[in-house]
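All ligand and atom numbering here is 1-based and tracks the order in the structure.
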Amino acid sequence: MTTRLNSRLGQYLGIMLIISLTLGGILSFGYYGAVPHGGSEIEIRPDTGARESVGTALTQVYFILLIISGVIAWLFVLVHESRKVANEETRRQTSLLMREIRAHSRNDRKLQRAKEVAEAANHAKSRYVIGISHELRSPLNAISGYAQLIRRDPVIPEHSRETIDVIKNSADHLAGLIEGLLDISKIEAGHLTIYRECFNLHELLTQIVDMFRLQADAKVIDFVYAPSDYLPTHVYGNEKRLRQVLINLLSNAIKWTHEGGVTLEVNYHSQVAEFSVIDTGIGIVPENLDRIFIPFERVDDREGAPPVPGMGLGLAITKLLAEVMGGDIRVESMPEKGSTFLVRILLSSAQQPMEPQSPEKAILGL
Ligand code: ADP
């Protein structure tokens, strides 16, 4: 501060010295020009009174000009000073900004490397899960198949049949779990190939509706199917995966609905099919709405109610499948009122009817 003041004062005094000397010079020149002095051949005796009054006037002019120039010089010094300070501040901010940018790009590079490492690890994990699932499925199929065969054997006593049922159900449960894991790993690793084929959408929906109407009847709840009038008969898409998505949503809706009913609405516009599965079930609290799409996340916090079977993979797979098929899934839910799951999937309508499929061949033996 002192240095700044000193330099400011120094500058000011310097400028004032120059101004005062210049002004003094100019006015003295004017004074001697206006009032003639000795030195000429004819001696002129100047009027002393006039010389004095000119001198006084010039001195007054000198001081007035000095005061005005003093103010202007001070303003000039201040403007110069503030410009210098602004320049310094700009330079400082620029260097801070440059430092920040360098730090950001360093962090970006680190993040990019970490992302690549994480992706490589994720791929390795997916490859491992895919490999191990294949290895596990064969013995499990053997356990389930042999349990079925042994159960049919007439020499097996009744009480052993129940044990065999437990073996079969457990093997089936494990096979379902592995199948789900395999699906998730395949989708995450980008190994899931979704073929687009032409299929009959009406037929698929009728099959699914027939299947779930039975389940709803068994639970004594309503089942309503409300397709749009504009639903195309034939569409291009993946029938198997669409069936999987709808089965997951409808089985959840029936599983979590104890009174009222379940509605399947199907709308179609701009080559996109919208499937809404609406239930009047137990609903989901808002803070769990994102959680339910995470693999193995289950929400069953009803006190005293019997546990509902499930693995927590259905919605995770449904969401991934909907995205792979060029769509998305949304959920709206009110606890104790019910839930609505809306899945949108790109299903372009096919103009030509499908080629007739060859009739299924009868199974002749095992
Ligand atoms: P699972 O049904 O095998 O538990 P999901 O991934 O299909 O696994 O569902 C995850 C969780 O989402 C379920 O545990 C349940 O709490 C909740 N949920 C899914 N659908 C519904 C629904 N229609 N009504 C209420 N809760 C639901």
Side-chain angles (χ1 to χ4, degrees), residues 129 133 140 169-188 192 208-209 211-226 240-266 274-325 327-345:
V129 172
S133 306
L140 274 174
N169 289 341
S170 306
D172 289 348
H173 178 76
L174 267 180
L177 185 70
I178 288 164
E179 197 72 40
L181 274 178
L182 192 62
D183 275 346
I184 288 192
S185 299
K186 274 185 182 169
I187 297 169
E188 280 181 347
L192 188 86
I208 291 176
V209 167
M211 191 167 126
F212 283 98
R213 194 159 270 144
L214 286 178
Q215 289 191 21
D217 287 348
K219 267 194 97 174
V220 202
I221 55 172
D222 297 333
F223 188 90
V224 179
Y225 173 45
K240 179 181 160 200
R241 296 301 178 176
L242 176 62
R243 184 193 304 269
Q244 195 176 349
V245 164
L246 293 176
I247 287 179
N248 276 343
L249 293 180
L250 285 168
S251 56
N252 270 348
I254 290 188
K255 193 160 71 174
W256 299 101
T257 303
H258 307 297
E259 52 191 39
V262 172
T263 303
L264 169 65
E265 268 179 25
V266 189
E274 283 186 4
F275 303 92
S276 309
V277 178
I278 306 154
D279 68 55
T280 56
I282 61 163
I284 305 160
V285 287
E287 53 269 31
N288 286 336
L289 284 179
D290 286 335
R291 255 183 66 196
I292 56 173
F293 293 104
I294 301 171
F296 298 109
E297 283 287 342
R298 302 200 65 233
V299 190
D300 190 7
D301 40 18
R302 295 162 307 138
E303 284 188 13
V308 177
M311 293 176 286
L313 281 178
L315 284 180
I317 294 173
T318 304
K319 183 169 189 284
L320 289 172
L321 283 179
E323 284 165 4
V324 170
M325 288 192 281
D328 59 6
I329 182 166
R330 268 185 280 153
V331 56
E332 280 171 17
S333 189
M334 285 249 295
E336 310 302 329
K337 291 265 181 289
S339 317
T340 298
F341 284 84
L342 172 76
V343 181
R344 293 187 307 172
I345 288 176

*Can you find a heavy atom in the side chain of I292 that is under 4.5 Å from one in the side chain of F341?*
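The answer is yes; the side chains approach within 4.5 Å.
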
*Within a strict 4.5 Å, meaning less than it, do heavy atoms of the I247 and Q244 side chains meet?*
no

At under 4.0 Å between heavy atoms, is it the side chain or the backbone of [X] that contacts ligand 1, or both, or neither?
X: N248; result: neither
X: I284; result: side chain
X: F341; result: side chain

*Per-atom contacts, ligand 1 versus K255 - under 4.0 Å to a heavy atom*: 1 (P), 2 (O), 3 (O)

*Spacing of L289 atom CG and R291 atom CZ [to the nearest 0.5 Å]*: 11.0 Å

*asked:* Within the structure, is a non-hydrogen atom of G281 found at a distance of less than 4.0 Å from ligand 1?
replied: no

_Whether over 12 other heavy atoms sit under 6.0 Å from E287 CD_ = yes

*State whether the number of non-hydrogen atoms from other residues, nucleotides or ligands found under 6.0 Å of K240 atom NZ is greater than 12.*
no

_Nearest non-hydrogen contact with atom 19 (C) of ligand 1 belongs to which option: T318, L315, D279?_
L315

